[in-house]
*Asks:* 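Please find one structure pasted underneath; my questions will follow.
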Amino acid sequence: MPMRWFSCAVFSAAIICTLGCAPPAVAQYVGTTAPLFPTIMVPMFPGGNTTPFSGQSSGGGSSRAGTGRTAPAATTIVAGSRPQIDINAAELATHFSPDARAKMKASYLQSFDMFQKLQRKLDLPDNDVANGVSAYIAGNYMVLHGIEIDDPVFLKLVSQVRRGLLQNRGFQRIPAAQKRKLYEQTAMVGMFMAITQLSLKTTPQDPKVLGNLRDSARANLKLILGERASGLRIDGEGMHL
């Protein structure tokens with residue numbers, strides 16, 4: 001049976017802790033039109049002559065995804081950009097009601113710790129924005145469709161996202177500090193959503209709460225992918241728009 005990208009045994013203790021507070025967090029996780037990343041251009045992959053995630057541009061190229069394990073310098077956070085994990089978790093938590101912010105900040109911090117373990121588990125390079133964006137897409141997609149994603153598929157997704165970022169001229173102009181923010185916040189949200197989906201298997205939610213959660217996942221994907229998010233599909237060949 002293929003390994004699920006978020007369910008490695010090394011995560012078990014953290015998952016159990018997170019699941020303890022998942023229901024109230026899920027209950028307040030409602031879709032919002034306010035961008036999670038207000039200083040980053042949205043959508044991440046605008047339309048044009050480029051075909052994101054296919055490995056093809058107007059100049060041609062291969063359409064087959066790679067392993068996702070070699071990070072070009074253009075998508076790897078460079079020296080001079082210090083981690084801002086606590087600040088970014090606190091900022092994400094402001095999208096919740098005041099009484100839930102402390103718990104959500106703790107959940108995001110824990111989610112990022114699990115994300116870093118995921119990177120090591122999959123032998124992915126540290127500080128690669130493509131890893132964070134891929135976790136964000138995968139986690140929200142999992143919640144939206146109630147599914148799990150296997151390791152090989154996630155690695156293909158990372159490779160596709162990395163190529164998409166390389167093709168995005170706007171992304172190349174983002175300062176290192178903003179790439180750091182994008183990396184950390186997408187990783188936090190993505191892993192949080194993946195853990196939440198896992199929790200739903202053992203802690204069923206009220207249909208209204210589940211609907212709110214899926215609305216949030218749908219809105220989150222639209223922030224990154226724009227209107228094409230509605231056509232997103234992830235399967236054994238990776239991501240398709």
*Asks:* Where do Ser134 and Val158 come nearest, in terms of heavy atoms and distance?
*Replies:* OG-CA, 3.2 Å
*Asks:* Name all residues meeting the side chain to side chain contact (heavy atoms under 4.5 Å, CB included) criterion together with Ala187; count only those two or more places apart in sequence or in a different chain, and write none if there are none.
*Replies:* Phe112, Phe115
*Asks:* Please check this pair: side chain of Thr94 against backbone of Glu91, looking for a donor-acceptor N/O pair closer than 3.5 Å.
*Replies:* yes
*Asks:* Show your working on side-chain contact (heavy atoms from CB on, under 4.5 Å) between Asn127 and Gln119 and close with a plain yes or no.
*Replies:* CA-CA 9 Å; Asn127 297 327; Gln119 290 186 129; over 6 Å; no
*Asks:* Do you know the tightest heavy-atom contact between Ile137 and Leu221?
*Replies:* O-CD2, 3.8 Å
*Asks:* Hey, does Phe154 have a side-chain heavy atom less than 4.5 Å from the side chain of Leu118?
*Replies:* yes
*Asks:* Within the structure provided, determine whether Asp126 and Asn131 are in side-chain contact (heavy-atom separation under 4.5 Å).
*Replies:* no
*Asks:* Between the main-chain N or O of Gly132 and the side-chain N or O of Tyr183, is there a donor-acceptor pair closer than 3.5 Å?
*Replies:* no
*Asks:* My understanding is that only residues two or more places apart in sequence, or in another chain, count here; which of them pass side chain to side chain contact (heavy atoms under 4.5 Å, CB included) with Pro83?
*Replies:* Ile85, Arg180, Glu184
*Asks:* State the CE-OG distance between Met191 and Ser107, to the nearest 0.5 angstrom.
*Replies:* 13.5 Å
*Asks:* Check whether any side-chain heavy atom of Ile234 sits under 4.5 Å from a side-chain heavy atom of His240, and report yes or no.
*Replies:* no
*Asks:* With the side chain counted from C-beta on, respond yes when Leu124 and Leu155 share a heavy-atom pair under 4.5 Å apart, and no when they do not.
*Replies:* yes
*Asks:* Within the 4.5 Å heavy-atom criterion, are Tyr136 and Leu182 side-chain neighbours or not?
*Replies:* no
*Asks:* Start with the C-alpha distance between Met104 and Phe192, add both sets of side-chain angles, then the distance that settles side-chain contact (heavy atoms from CB on, under 4.5 Å), and finish with yes or no.
*Replies:* CA-CA 10 Å; Met104 285 308 306; Phe192 173 80; 3.7 Å; yes
*Asks:* List in chain and number order the residues that pass side chain to side chain donor-acceptor pair (under 3.5 Å) with Arg233, two or more places apart in sequence or in another chain; answer none if no residue qualifies.
*Replies:* Asp235
*Asks:* Quick one: salt bridge (charged side-chain N to carboxylate O under 4.0 Å, His left out) partners of Arg120, sequence neighbours excluded?
*Replies:* none
*Asks:* Would you say the side chain of Val161 lies within less than 4.5 Å of the side chain of Met239, judging by non-hydrogen atoms?
*Replies:* yes
*Asks:* Looking at Glu227, is its backbone amide N or carbonyl O close enough to the side chain of Lys222 to form a donor-acceptor pair, meaning the two atoms are under 3.5 Å apart?
*Replies:* no
*Asks:* Run the side chain to side chain contact (heavy atoms under 4.5 Å, CB included) test against Ala89 and tell me which residues pass, sequence neighbours left out.
*Replies:* Lys105, Tyr108, Leu109, Met188
*Asks:* Determine, step by step, whether Asn220 and Met193 satisfy the side-chain contact (heavy atoms from CB on, under 4.5 Å) criterion, reporting the C-alpha distance in whole Å, the side-chain angles of both residues, the deciding distance to 0.1 Å, and the verdict.
*Replies:* CA-CA 10 Å; Asn220 287 343; Met193 295 296 271; 4.3 Å; yes
*Asks:* Can you find a side-chain donor-acceptor pair between Arg101 and Ser97 that sits under 3.5 Å?
*Replies:* no
*Asks:* Looking at every heavy atom in both Ile147 and Tyr141, which two are closest together, and how far apart are they?
*Replies:* CD1-CE2, 3.4 Å
*Asks:* Answer yes or no: is there a side-chain heavy-atom contact under 4.5 Å between Arg162 and Val129?
*Replies:* no
*Asks:* So, taking the atom named CD in Gln185 and the one named CG in Leu92, what distance separates them when rounded to the nearest 0.5 Å?
*Replies:* 4.0 Å
*Asks:* Considering non-hydrogen atoms only, spot the tightest contact between Glu237 and Gln160 and give its length.
*Replies:* O-NE2, 4.0 Å
*Asks:* Got a second to check how far Ile195's CD1 is from Met142's CE, nearest 0.5 Å?
*Replies:* 9.5 Å
*Asks:* Could you pull out the closest heavy-atom pair between Val143 and Arg214, with the gap in Å?
*Replies:* O-NE, 3.3 Å
*Asks:* Can you measure from CG (Leu223) to CG (Asn140) and round to the nearest 0.5 angstrom?
*Replies:* 9.0 Å
*Asks:* What's the separation between atom CG in Leu157 and atom CD1 in Ile149, rounded to the nearest 0.5 Å?
*Replies:* 7.0 Å
*Asks:* So, does Asp128 use its side chain to make a donor-acceptor pair with the main chain of Ala130 at under 3.5 Å?
*Replies:* yes
